Each structure stands twice: as structure tokens, then as C-alpha cells.
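Written below as C-alpha cells is the structure these notes are about.
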Amino acid sequence: AVLGCALLLPTVLGEDCPSQCSCWPLGEPWGTGVDCSSRGLRALPALPRLTRILHLHNNSLASIPAGALDGLGHLQELRLWDNPWHCDCHILYLKLWLQDFSAPALTRLRCASPAPLGMKPLGQLTGNDLGVCTRLLPTKCLQFFWRDLILIAGAVITLLLVAWALKFSKKLVCQLRLGSRWLRRSIPKTH
């Protein structure tokens, strides 16, 4: 049985492990360790979804694409230091993701560029540092926002009209009742 597992394990790891990295099993329920450190990587490779340990330090990574780390729900350890992080709007995803994942990992990262932000800790970046980030939200998100805003405004206007109609109808009913009582009193009874 041990030999069968030993023969199967390299095949499973070979399919999941990026070619530029080395991987090792952490045990079946514990996932995989992935070491991509010091490989000259300029882009994040496709990673095994059960990655628990990820070493990406000492590479040439300038940013991480938005959403690239979201599928790593089992990740427990991440090393990203010693990369030339370019601190513009594209770095926001990494900064926000690390704020949720690991504040200590965020404090170790420093901007390499642009020049005014050189050596500034990534965790200390503010909106003023990044300048105008015009397309933080995808266009579709903005379209949904305006559509939802119009629907909400329409619902509020409809509720106001219904409330006004109810108030007006109560007043009309009261006038009709008073009018019918007045009519009954003014019509003489003939028997």
C-alpha cells in the first residue's frame, strides 16, 4: 500500500504543481506546500487549489492579478517579501487581500516603484499615494449600481403615491359617508 501511494503521489503533485516550482505533500487532509521562491517569476503561476504553504519570495513579481489568490481557501502560510512591488492601482487587490489574510505578511512588503513610493510599506499606502484609480470597479458593477439606484428610487416614488392615494381615498370615503347621512336627513319619509 505504501508503494502504491508513493507511485500515485508524484503523479498527483506533477499535475497540480507549477513547472517552475517545487511541491511537497503535507498529508492528505493538510494539502500541499508550494515553493516558487528565487525562481525569477514575473507572474504568478497557476497554483494547486489545496495549497497550504506558498513561498513566492525573492522573485520579480510587481503585482498579483485581482482574484488570483481568492481560490486558495486552505492557505495558511505565505511568503511574498523581496519582490519589486509596483505600487499603483493594481496593487490594491494584494493589499486588501493581505489585510484579511495576514497583517504581519503585509508589513514585510515594500514598494519598489514608482520612485516617490520607493521603500514605503505596502500596508501604509493610502488613496493619495496611489493617485486616481479610475477603474477600480468593473463597468458591469457600475451598471448594476445605477440600475439598482433607479429601481430603489422608483419603489420609493411608488410607495409615496400609494400612501397619498390611501390618504385621499379615506378623505373621500369620509365625505361620502357624511354626504349620505345629510341626504337621509333631508329626504322626507313618506309612509
Side-chain angles (χ1 to χ4, degrees), residues 2-141:
V2 174
L3 181 59
C5 289
L7 291 175
L8 180 63
L9 192 57
T11 306
V12 171
L13 285 175
E15 290 173 11
D16 289 339
C17 191
S19 61
Q20 350 29 348
C21 307
S22 60
C23 300
W24 67 95
L26 298 173
E28 186 58 39
W30 295 285
T32 303
V34 181
D35 184 4
C36 301
S37 62
S38 304
R39 310 290 167 111
L41 297 177
R42 293 184 177 276
L44 186 69
L47 298 165
R49 69 178 177 81
L50 292 177
T51 300
R52 294 236 181 211
I53 297 173
L54 179 57
H55 297 174
L56 291 166
H57 56 283
N58 196 28
N59 277 297
S60 297
L61 298 171
S63 69
I64 301 288
L69 301 173
D70 294 346
L72 302 178
H74 302 285
L75 193 63
Q76 294 177 340
E77 178 185 322
L78 177 63
R79 296 180 184 176
L80 288 168
W81 62 84
D82 290 335
N83 279 290
W85 301 110
H86 182 71
C87 295
D88 64 0
C89 293
H90 295 103
I91 204 74
L92 280 178
Y93 166 74
L94 180 61
K95 179 184 185 244
L96 295 173
W97 190 87
L98 282 171
Q99 283 175 342
D100 290 339
F101 176 73
S102 169
L106 180 60
T107 60
R108 294 194 68 175
L109 303 185
R110 299 199 178 278
C111 299
S113 62
L117 298 177
M119 295 309 294
K120 182 165 187 165
L122 189 64
Q124 293 178 6
L125 288 178
T126 64
N128 291 335
D129 294 328
L130 298 175
V132 178
C133 296
T134 55
R135 292 203 37 148
L136 290 181
L137 293 174
T139 305
K140 289 182 180 179
C141 290

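None of these values were measured; they are calculated from a predicted model.
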Within this structure, what is the [atom1]-[atom2] distance for the pair [X] and [Y], rounded to the nearest 0.5 Å?
X	Y	atom1	atom2	result
L26	L50	CG	CG	10.0 Å
D82	S38	CG	OG	8.5 Å
Q76	R52	CD	CZ	5.0 Å
C87	L125	SG	CG	4.5 Å
E77	I53	CD	CD1	5.0 Å
F101	L75	CZ	CG	4.0 Å

Closest heavy-atom pair and its distance - [X], [Y]:
X	Y	answer
L44	A68	CD2-CB, 3.6 Å
P18	A46	CG-O, 3.1 Å
Y93	I64	CD2-O, 3.8 Å
A105	L109	O-CG, 3.6 Å
V34	C21	CG1-CB, 4.1 Å
N83	L61	OD1-N, 3.1 Å

Tell me if a side-chain donor or acceptor on [X] pairs with a main-chain N or O of [Y] at a distance below 3.5 Å.
X	Y	value
R79	H57	no
N59	R39	yes
T51	L54	no
R108	W81	no

| task | Decide side-chain contact (heavy atoms from CB on, under 4.5 Å) for L98 and L78; before the verdict, give the C-alpha distance in whole Å, the side-chain angles of both, and the deciding distance to 0.1 Å. | result | CA-CA 10 Å; L98 282 171; L78 177 63; 3.9 Å; yes
| query | Does the side chain of P45 reach to within under 4.5 Å of the side chain of L47, using non-hydrogen atoms? | reply |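 Yes; the side chains approach each other to less than 4.5 Å.
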| field | Side chains of M119 and C111 in contact at under 4.5 Å (non-hydrogen atoms) | value |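 Contact flag for M119/C111 side chains = no.
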